[in-house]
Amino acid sequence: MRLLTFTTAADTSDTSDTSDTSDTAVTAATADGAAGRLGVETDGTVLDLAVLARHAGVPLPHDLLSFVQAGPAARETARELLAADPAGRPAEAVHRLQDVTLRAPLRPGKIIGVGLNYIEHVEESSRSLDTDKDLPPRPVLFGKPATAVTGPGAPILHNADLTTQLDWECELAVVIGRTAFRVSEEEAYAHIFGFSILNDISARDQRRSGQWFFSKGQDSYAPFGPVVVTRDEIRDPMALDLSLRVNGVTKQKSNTRHMLFPIARLVADISSGMTLEPGDVIATGSPSGVGAGMVPPQFLQPGDTVEATVELIGTLTNPVVDAR
């Protein structure tokens with residue numbers, strides 16, 4: 001399933017009134033504060049799962065985070081709803097993709113970033129970002145706060161009072177589906193719900209004494225989406241093309257097979273001492289081609305448009321705006 005969070009023109013951001021039982025009340029707060037509906041994308045159409053569930057008289061979570069937390073039973077219910085005769089779907093459950101606004105799929109409990117996880121990016125970073133030139137012996141981990149999450153089409157905030165070196169990083173995002181603590185590499189995929197895209201925006205000149213939290217954790221520095229594709233629909237996540245364009249010009253182009261530490265190793269390593277919970281996100285690292293590594297360096301400016309693409313998932317597009 002290609003799951004997403006969306007709003008329609010009829011929706012409002014005020015979800016405080018829960019007495020309304022109309023379709024517009026079947027919403028939940030999204031990462032950017034808007035009211036969001038849980039949907040499935042199929043053939044250019046978005047199906048509102050909550051409306052389908054209510055029409056069928058079956059329970060189903062109304063937002064993607066709760067859906068992930070509900071486990072296999074929710075996924076099975078959703079598949080049964082989607083397998084039903086399309087002729088029986090209520091009209092209010094069916095939307096054209098171009099008529100809805102996509103939001104960040106969910107607000108993770110935590111985002112675990114992985115640094116230096118593509119071999120060519122290790123060399124690039126040692127040359128331009130003063131990191132170690134040797135390959136790391138184990139995953140390099142850092143955190144991004146949930147407040148950094150923003151959705152498709154939402155602005156990346158460029159505050160020139162804080163940075164003149166705003167950079168991009170296209171990454172495959174792993175969404176955790178089952179609580180994981182001390183799981184082995186062989187068990188890792190059983191704990192994954194699905195995959196998405198995260199653009200690990202970084203203010204290179206805000207790295208402080210080697211620490212990346214403020215550099216990578218500011219508001220809007222984690223564009224996320226446009227969909228979460230369930231694990232069963234991606235046969236080999238370690239063989240996906242990924243690329244990034246700025247204003248239509250390709251800056252990054254690689255494949256997940258070039259990860260230094262594959263997904264299963266990342267899940268096992270992180271969970272060796274940290275509990276991964278349903279809805280948590282692992283941003284699996286950036287390939288080479290970041291702006292800081294170019295000669296001369298290139299950085300994002302207000303007015304730019306950034307497009308991060310991962311095969312079988314889609315393209316995450318965000319404008320850069322002046323936030324001073």
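Sequence positions, counted from 1, serve as the residue numbers for this chain.
The hydrophobic clustering, which links ILVMFWY residues whose side-chain heavy atoms are closer than 4.5 Å, places Ile270 and Leu260 together. Linking Ile, Leu, Val, Met, Phe, Trp and Tyr residues whenever their side-chain heavy atoms come within less than 4.5 Å places Leu141 and Val183 in a single cluster. Under a hydrophobic clustering in which Ile, Leu, Val, Met, Phe, Trp and Tyr are joined whenever their side-chain heavy atoms come within less than 4.5 Å, directly or via other members, Ile192 and Phe181 fall into different clusters. One hydrophobic cluster, built from ILVMFWY side chains closer than 4.5 Å, holds both Val40 and Val175. Phe299 is not connected to Val246 by any chain of hydrophobic side-chain contacts under 4.5 Å among Ile, Leu, Val, Met, Phe, Trp and Tyr, and they are in different clusters.
At a cut-off of 3.5 Å, with distance as the only test, a side-chain donor of Ser184 or Glu187 sits close to an acceptor on the other residue. Side-chain contact of Ser202 with Lys216: a donor-acceptor pair under 3.5 Å is present, judged by distance alone. Side-chain atoms of Ser286 and Gln252 form a donor-acceptor pair, as typed in the model, at a separation below 3.5 Å. Side-chain N/O atoms of Ser272 and Asp269 include no donor and acceptor closer than 3.5 Å.
Salt bridge annotation for Arg204-Glu169: present, with a cationic side-chain nitrogen under 4.0 angstrom from a carboxylate oxygen. Between Arg245 and Asp304 no salt bridge is recorded (no basic side-chain N to carboxylate O distance below 4.0 Å).
Scanning all heavy atoms of the two residues, the minimum distance from Ala74 to Leu60 falls at O-CD1, 3.6 Å. Of all non-hydrogen atoms in Gly217 and Pro145, the two that sit nearest each other are O-CG, 3.2 Å. Smallest separation of non-hydrogen atoms from Arg265 and Pro139: NH2-CD, 4.2 Å. Of all non-hydrogen atoms in Ala93 and Val51, the two that sit nearest each other are CB-CG1, 3.6 Å. Smallest separation of non-hydrogen atoms from Asp280 and Lys110: OD2-NZ, 2.6 Å. Considering all non-hydrogen atoms of both residues, Leu242 and Cys170 come closest at CD1-O, 3.6 Å.
Aromatic ring orientation, Tyr189 versus Phe195: tilted (interplanar angle from 30° to 60°).
Evaluated for a side chain to side chain donor-acceptor pair (under 3.5 Å) with Arg37, the options Thr7, Asp11, Thr5 yield exactly one hit, Asp11. The residue from Ile197, Asn199, Leu106, Ile111 that alone fulfils the side-chain contact (heavy atoms from CB on, under 4.5 Å) condition with Phe224 is Leu106.
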Going through the checks in order, is the ring-ring contact (aromatic ring centres under 6.0 Å, His included) test met by His62 and Phe67? CA-CA 7 Å; His62 293 164; Phe67 184 87; over 10 Å; no
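To the nearest 0.5 angstrom, Arg2 atom CZ is 10.5 Å from Asp43 atom CG. To the nearest 0.5 Å, atoms CZ (Arg257) and CE (Met259) are separated by 12.0 Å.
The 12-atom threshold is not exceeded at NZ of Lys253, counting heavy atoms of other residues, nucleotides or ligands nearer than 6.0 Å. Residue Gln211 qualifies as open at atom CD: its count of foreign heavy atoms under 6.0 Å is 12 or below. Heavy atoms from other residues, nucleotides or ligands lying under 6.0 Å from CZ of Arg182 number 12 at most. Around atom CE of Met274, no more than 12 heavy atoms belonging to other residues, nucleotides or ligands sit under 6.0 Å away.
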Would you be so kind as to tabulate the donor-acceptor pairs closer than 3.5 Å made by side chains of residues 316-324, with sequence neighbours excluded?
residue: Asn318; atom: ND2; partner: Gly151; partner atom: O; Å: 2.9
residue: Asn318; atom: ND2; partner: Ala154; partner atom: O; Å: 2.8
residue: Asp322; atom: OD1; partner: Arg324; partner atom: N; Å: 3.0
residue: Asp322; atom: OD1; partner: Arg324; partner atom: NE; Å: 3.4
residue: Asp322; atom: OD2; partner: Arg324; partner atom: NH2; Å: 3.2

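Figure legend: cation-pi geometry between Arg208 and Phe214, with NZ or CZ positioned under 6.0 Å from the six-membered ring centre and within 45° of its axis.
Side-chain atoms of Val149 and Thr147, non-hydrogen and from C-beta on, never get closer than 4.5 Å to each other. Between Pro302 and His158, some side-chain heavy-atom pair lies under the 4.5 Å cut-off.
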